[in-house]
There are 2 protein chains.
Amino acid sequence: MHMQNILHIQKKLVPDLVQVMQKRYKILHQILVSGTVGRRTLAANLDLTERTLRSELDILREQGLLETGTTGMTLTESGRRLLEELEPFVKEVFGLSELEEAVRLKFGLRKVVVVPGDSDVSEDAKREIGRAGSRVLSQSLSPGDIVAVMGGTTMARMAAQIKVQAPLTDNWFVPARGGLGESVEYQANTIASELAKRTGARYRMLHVPDHLSEEAYQTIMQEPNVREVVDMIRRARIVVHGIGDAITMARRRKLDADTVRELLKDGALAEAFGYYFDKNGAVIHRMATAGLRLEDIEAAETVIGLAGGRSKGEAIAAVLRFGHDDILVTDEAAAEEALKHG
Amino acid sequence: MHMQNILHIQKKLVPDLVQVMQKRYKILHQILVSGTVGRRTLAANLDLTERTLRSELDILREQGLLETGTTGMTLTESGRRLLEELEPFVKEVFGLSELEEAVRLKFGLRKVVVVPGDSDVSEDAKREIGRAGSRVLSQSLSPGDIVAVMGGTTMARMAAQIKVQAPLTDNWFVPARGGLGESVEYQANTIASELAKRTGARYRMLHVPDHLSEEAYQTIMQEPNVREVVDMIRRARIVVHGIGDAITMARRRKLDADTVRELLKDGALAEAFGYYFDKNGAVIHRMATAGLRLEDIEAAETVIGLAGGRSKGEAIAAVLRFGHDDILVTDEAAAEEALKHG
DNA sequence: CAGTAGCGGGACGATTAGCGTCCAGCTTCG
DNA sequence: CGAAGCTGGACGCTAATCGTCCCGCTACTG
């Protein structure tokens, strides 16, 4: 645990080092398997543009790793040896990004970010998910966007770390759902306000008590300022949510015994944005509070899921199977686990 | 030997990023020892410009390694931990550049280039010295410059690897000394011609047999084309030479027994540009052939010495003590050894 | 309590590096 | 002998980087 691999350290100090290493490794590797190959062919094989490849080749040539002849480029003895020496590290260097790509393909996502570690055992990993999540959210934001956010500890951590260049005077943060029985610092309302405060955006609260009678529910929904927030939720272009284990969430939200029994019977596995899912991603149950509906999830342009820890891998897989998430931010352990159950 | 450290690999694969790593480490380290420090102070301490430092600081802050307060910048817990984790690798990351700086200061040189390895045992290191030497020479060249070169295997390797962007139509390569009894492929004449051929520059040969009588010597020096080359040598702005062990060189050049004995008696240790030096850098003996004199060495703007291998460390130190070299290109083992004897 | 030194961060123009793109000249191979 | 594929050069556009200066603020110090 303490003898951290130097690659992990380097990733912090020089974040793009690993990517560049990967790129150059791929180039050398491709030349190795090709024997002798020309620049254009190489560019096509590696899906790089001719010019960027050329810059890399110049560097590699400068380092004496490859030679240029009239028929194309070949690895030098030095280059071949380097590739061989690099072999043991390749798995590690490529580990996370390969994981990201694997998860992305398996669940048909637009983007996957995997941070190192396991949130179940490492506070570091949790923080990294928060940081990575906030970065993803920042990148996804366009002027005028309304962002609907859920609650939860991961969401709170994300909110606590977001930073923007310039104040987002043109954006809104709204809670995706009314009160869901969480303690106040992890409620969607709190998170929306924290996000707004830290980014200079505006926000709205949605105060709808849990467990209302149908009649009371209809009444409160007629309230203008509830109506207004719900309308904003309907128009949200971005939705950010955590993913939880069904039973844990049910307990945390103090569902009544009957409901819990029913959830168990139906095979509830995961929870996200107030819905419970079974292992196939089918919706089992809906929390009784106002706000985001499934149609809104489908209408949103970017749905971002945040969750980490090996124990959540299966739940993540279930929610991803539901099929409406676009971006996943998770950690190594959860990603591996999700793949197993995908 | 075979389980190479990944840092060695990275130095080859991503040398640019390793430098960036060094820079960022230095910044973090400086902040650590300063406790809290402002940008300007930091820039002055690290000898960086304010703006470049600032870009780096932004990245490091983005990585959560440092925090910015009203009184200056401080490392975060993350940053301190990173620095601690990095400690075991620092020596290795900085190994060569620290070595370069140490040698540079010890012998008062303008520039020192140290390549990894030991030429005594590694063919790779020899080639790297050649490559590095050719790069240094290219960088030192200005239009119109005359370059005087010596012979030797290291010089030959350098010549074989030099490359230039555009042909040096305005430069001359001349042998620094007439024949010095080396086999033809390592003679200064050959090297000058090879360098010229590979760079598009022009060259002159200097054919002066060894061991001439004083009379014959005076006669040959009156020869117009000898005279002409010697004049060019006098005007050389750059001198490039190898450094040898005195006894080895004496033997290779088949000096007569008397002279060798005399060299030994006088404590000859090193040889460079036809002169023999004792351990204090004092000139013991001069080879009897035409060409470069000590005055010319002093007049030259840039004197570049090339030599590697632990066994040559002491000789290198002796020549550097002579005090007229500006740039040294060597390998790790020789540099370490030279420091011991400096 | 007022003055000041030192702080971070904003701004902006000049410079440069990076990149897409196309072309010339060469070698090799069919 | 022609076609294909190769390298390396060239060039203009764009985006990033950098040097430089300035502003407002804070926390000391006298």
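Residue numbers start from 1 in every chain, and the chains themselves are labelled A, B, ... in the order their sequence lines are given, proteins ahead of strands. Note that these values count all heavy atoms, side chains included, but never hydrogens, waters or copies made by symmetry.
- Side-chain contact between A:Arg198 and A:Ser134 is absent, with no heavy atoms from C-beta onward closer than 4.5 Å.
- Among C:dG20, C:dG9, C:dT27, the nucleotide with an atom closest to any side-chain atom of A:Thr70 is C:dT27.
- One distance of note links CD of A:Glu332 with CD of A:Glu100; it measures 10.0 Å at 0.5 Å rounding.
- Taking atom CD of residue A:Glu50 and atom P of nucleotide C:dC19, one finds them 13 Å apart after rounding to whole Å.
- Going from atom CG of A:Leu42 over to atom P of D:dC6 covers 10 Å, rounded to whole Å.
- Between C:dG20 and A:Thr49, a contact under 4.0 Å exists linking OP1 or OP2 to a side-chain N or O.
- Within the 4.5 Å cutoff, the side chain of B:Glu77 has heavy atoms near those of the B:Arg80 side chain.
- Between A:Lys12 and A:Glu128 there is a salt bridge, since at least one side-chain N of the basic residue sits less than 4.0 Å from a carboxylate O of the acidic one.
- Residue A:Asp16 contributes atom CG, which lies 14 Å from atom C1' of D:dA16 at whole-angstrom precision.
- Judged by distance alone with a 3.5 Å cut-off, a donor-acceptor contact links the side chain of A:Arg40 to the base of D:dT7.
- Take the nearest nucleotide of DNA chain C for B:Arg51 and for B:Val37: the residue whose nucleotide is more 5' is B:Val37.
- With A:Arg24 as the fixed residue, the side chain to side chain donor-acceptor pair (under 3.5 Å) test singles out one of A:His29, A:Glu56, A:Gln19: A:Glu56.
- A donor N or O paired with an acceptor N or O is not found under 3.5 Å between the base of C:dG18 and the side-chain atoms of A:Arg54.
- Side-chain nitrogen and oxygen atoms of B:Thr71 include none within less than 4.0 Å of the OP1 or OP2 phosphate oxygen of D:dC28.
- A:Arg39 contributes no side-chain N or O that forms a donor-acceptor pair with the base of D:dG5 under 3.5 Å.
- At its two ends the helix from C:dC1-D:dG30 to C:dG30-D:dC1 runs along axes set 20° apart, each axis drawn from five pairs and the angle rounded to 10°.
- Dashed line: the shortest gap from a side-chain N or O of A:Thr52 to OP1 or OP2 of C:dG18 is not under 4.0 Å.
- B:Phe94 pairs by the ring-ring contact (aromatic ring centres under 6.0 Å, His included) definition with B:Tyr25, not counting sequence neighbours.
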